[in-house]
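Notes follow the structure.
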Amino acid sequence: MSKLGDLGARLYRGEVGYDFVGKRKIWYGISILITITAIVGLAVRGLNMGIEFEGGAVFNTPKTSVSVNKAEESAERASGHDALVQKLGNDTLRIQIAGVDTAKSDQIKDEIAKDLGMESEKINADLVGPSWGEQVANKAWQGLGIFMVLVVIYLAIAFEWRMALAALIALIHDITITVGVYALVGFEVTPGTVIGLLTILGYSLYDTVVVFDSLKEQSKDLAKQTRFTYSEVANRSINSTLVRSINTTVVALLPVAGLLFIGGGFLGAGMLNDISLSLFVGLAAGAYSSIFIATPLVADLKETEPQMKALKKRVLAKRRAAAAKGESAEAPEPEGDEPQDDVDQADEDTTPAVVGPRSGPRSQPARNRGRGRPSGKRR
C-alpha cells in the first residue's frame, strides 16, 4: 500500500487525525478575513462585465499580423470607449467594444479597418443589445436561487436542517470568494463565468455531502455512550474522508489549472480565462469550505441541543473522574446491550493463568484443568 493510502486507512480508522473542529475559530477568522477582502474588492473595483451583459459591438478581423496592443489603441481611439482585444488561434483578432449602438458601429469598423490597413468589408461586426445581456443575468440569478432552495430542501430531508443551513452558508462563502477574486483580478465576466460558477457549486456540495454522510453514520445512537462528544465525532468524520476529498479536489484542479495557466496565460488563449478562473477558485474554495466551514458549523449548531449539551457534560465528567483515578478515559466500552459483568467473565475465561493477585484453580484456563489426571478405568 502507498504511503498516502496507508495514511488514508489510518485516518479512516481514527488512529491519527487533526483537530479541525477544535480549531474552528481559526478557520472562521480566516474565512471572515477572505470574505471581507472579496466584498471590499467587489465594492471598490466592481465586476468587469462582458459585452454579453452590457451590450456593444464585436468585430472579427481577417488573418493579420497586427499586434493586440495596436488593435486595442485603434479601437479605443475610433470608439471613445474601452476595448478588449483577443488574438485567436488562426491569427485573427476579436475586438469587443461596450456601449456601442448600431448607428456608430459602421463608422467604428471603417476607422479600425483604415487604421489597421485592411478592407472594411472583411471585418465582421456583430451587435449585442443590453436587453439580451440583462435577460442572461436575470436567468443566471434565477437559476442560482432555485439551486440554493433545492439544495436546502434535499439536505434537510436527507440529513437534517442544521446540515442544510451549514451547507448553504458554505455555498454562499464559495460564491462570495469567487466573485471577489474576479473583481480583484479584473477578468471579464461572461456567460462562461456563470456556467463555471454554477459548476463549482456542485463540486463544493459533493465534498460537503460526503463528510455529512460519514457524520450521520458515525453519530447514530451517540447519546447512549460517554466516550465522545458530537464535535469529536464530527472531527473523526472529517479525518476519515480527508484523503478522499483531497484526491477529488486535486484531480479536478489539474485540468482546470492547465486551462487557466497554460491555455489562458502561457498560450494566450484569453477566452479560456472567464470559465477557468471561476472553476479554479471555486473548486479550491469549495474544498476548503467543506472541511473547515460546513462541518464545524454543524458541530456548533448541533451542540446547542439540550441532548448534546448533556452528552458533553457526561463525557467531560467521566474524563475528569478517570483522570483523578489515573485511568484512561478512552477505554473502549462494551458494545450492544451485553452487561459489563458478562464481558468481564468472557475476559476471565481467556486470560492467562497468572494475572494480577488471583491464584488457585479458578485462575487456570479450562483447557488445563484436566491435565495430568490418568484417563480410562481405574485399576
Side-chain angles (χ1 to χ4, degrees), residues 5-28 155 158-167 207-246 290-352 355-356:
D6 181 62
L7 176 62
R10 296 177 66 194
L11 286 168
Y12 183 80
R13 293 191 298 266
E15 297 174 2
V16 295
Y18 182 79
D19 191 9
F20 293 100
V21 177
K23 295 180 172 60
R24 56 187 176 272
K25 291 184 179 179
I26 298 176
W27 319 132
Y28 292 164
L155 291 179
F159 299 100
E160 59 173 297
W161 69 266
R162 294 171 185 82
M163 291 185 177
L165 179 59
D207 283 341
T208 303
V209 168
V210 167
V211 182
F212 283 179
D213 185 64
S214 175
L215 176 56
K216 179 183 178 182
E217 184 67 25
Q218 295 192 42
S219 60
K220 287 182 179 178
D221 299 326
L222 184 64
K224 297 180 181 179
Q225 53 83 53
T226 55
R227 291 185 61 196
F228 304 109
T229 65
Y230 190 91
S231 291
E232 291 168 346
V233 173
N235 193 69
R236 288 165 64 94
S237 300
I238 296 175
N239 281 280
S240 64
T241 58
L242 183 61
V243 173
R244 178 178 179 179
S245 298
I246 292 175
S290 63
I291 296 173
F292 298 96
I293 302 300
T295 308
L297 272 177
V298 171
D300 281 336
L301 293 172
K302 192 71 175 178
E303 291 198 337
T304 60
E305 290 184 351
Q307 188 180 27
M308 292 299 110
K309 285 183 178 179
L311 171 64
K312 186 174 183 179
K313 289 181 179 179
R314 293 198 305 270
V315 171
L316 296 180
K318 179 182 177 181
R319 291 177 183 174
R320 285 194 296 268
K325 295 179 181 179
E327 300 174 354
S328 173
E330 296 296 327
E333 296 181 346
E335 298 181 358
D337 299 327
E338 185 179 10
Q340 182 67 38
D341 293 338
D342 295 343
V343 177
D344 292 340
Q345 184 64 39
D347 291 340
E348 181 183 336
D349 291 341
T350 57
T351 304
V355 177

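Annotation: side chain of Asp19 is in contact with side chain of Asn235 (closest heavy-atom distance under 4.5 Å). In this structure the side chain of Thr241 never reaches within 4.5 angstrom of the side chain of Asp207, judged on heavy atoms. Annotation: side chain of Trp27 is not in contact with side chain of Leu297 (no heavy-atom distance under 4.5 Å). Contact of the Tyr28 side chain with the Ile293 side chain is registered, since non-hydrogen atoms from C-beta on lie closer than 4.5 Å. Side-chain atoms of Thr229 and Leu311, non-hydrogen and from C-beta on, never get closer than 4.5 Å to each other. The shortest distance between side-chain heavy atoms of Phe228 and Gln218 does not fall below 4.5 Å. The closest side-chain heavy-atom distance from Tyr18 to Ile238 is not below 4.5 Å.
Under a cut-off of 6.0 angstrom, the local environment of CD in Gln307 is sparse, with at most 12 non-hydrogen atoms contributed by other residues, nucleotides or ligands.
Classified by interplanar angle (parallel below 30°, tilted 30° to 60°, perpendicular above 60°), the ring pair Phe292/Phe20 is perpendicular. By the 30° and 60° cut-offs, the orientation of the rings of Phe212 relative to Phe159 is perpendicular.
Looking at residues two or more places apart in sequence or on another chain, you find no side chain to side chain donor-acceptor pair (under 3.5 Å) involving Ser219.
Between the side chains of Ser214 and Ser240, at least one donor N or O sits under 3.5 Å from an acceptor N or O.
Ser245 approaches Ile291 most closely through the heavy-atom pair CB-CD1, 4.4 Å. Pairing each heavy atom of Glu303 with each of Lys309, the nearest pair is O-CG, 3.3 Å. Across all non-hydrogen atoms, the minimal contact from Arg314 to Thr226 is NE-CG2, 4.0 Å. Closest approach of Ala167 and Leu155 over heavy atoms only: CB-CD1, 3.2 Å.
For the salt bridge (Lys or Arg N to Asp or Glu O under 4.0 Å) condition, the pairs that include at least one residue of residues 291-301, sequence neighbours left out, are Arg24-Asp300.
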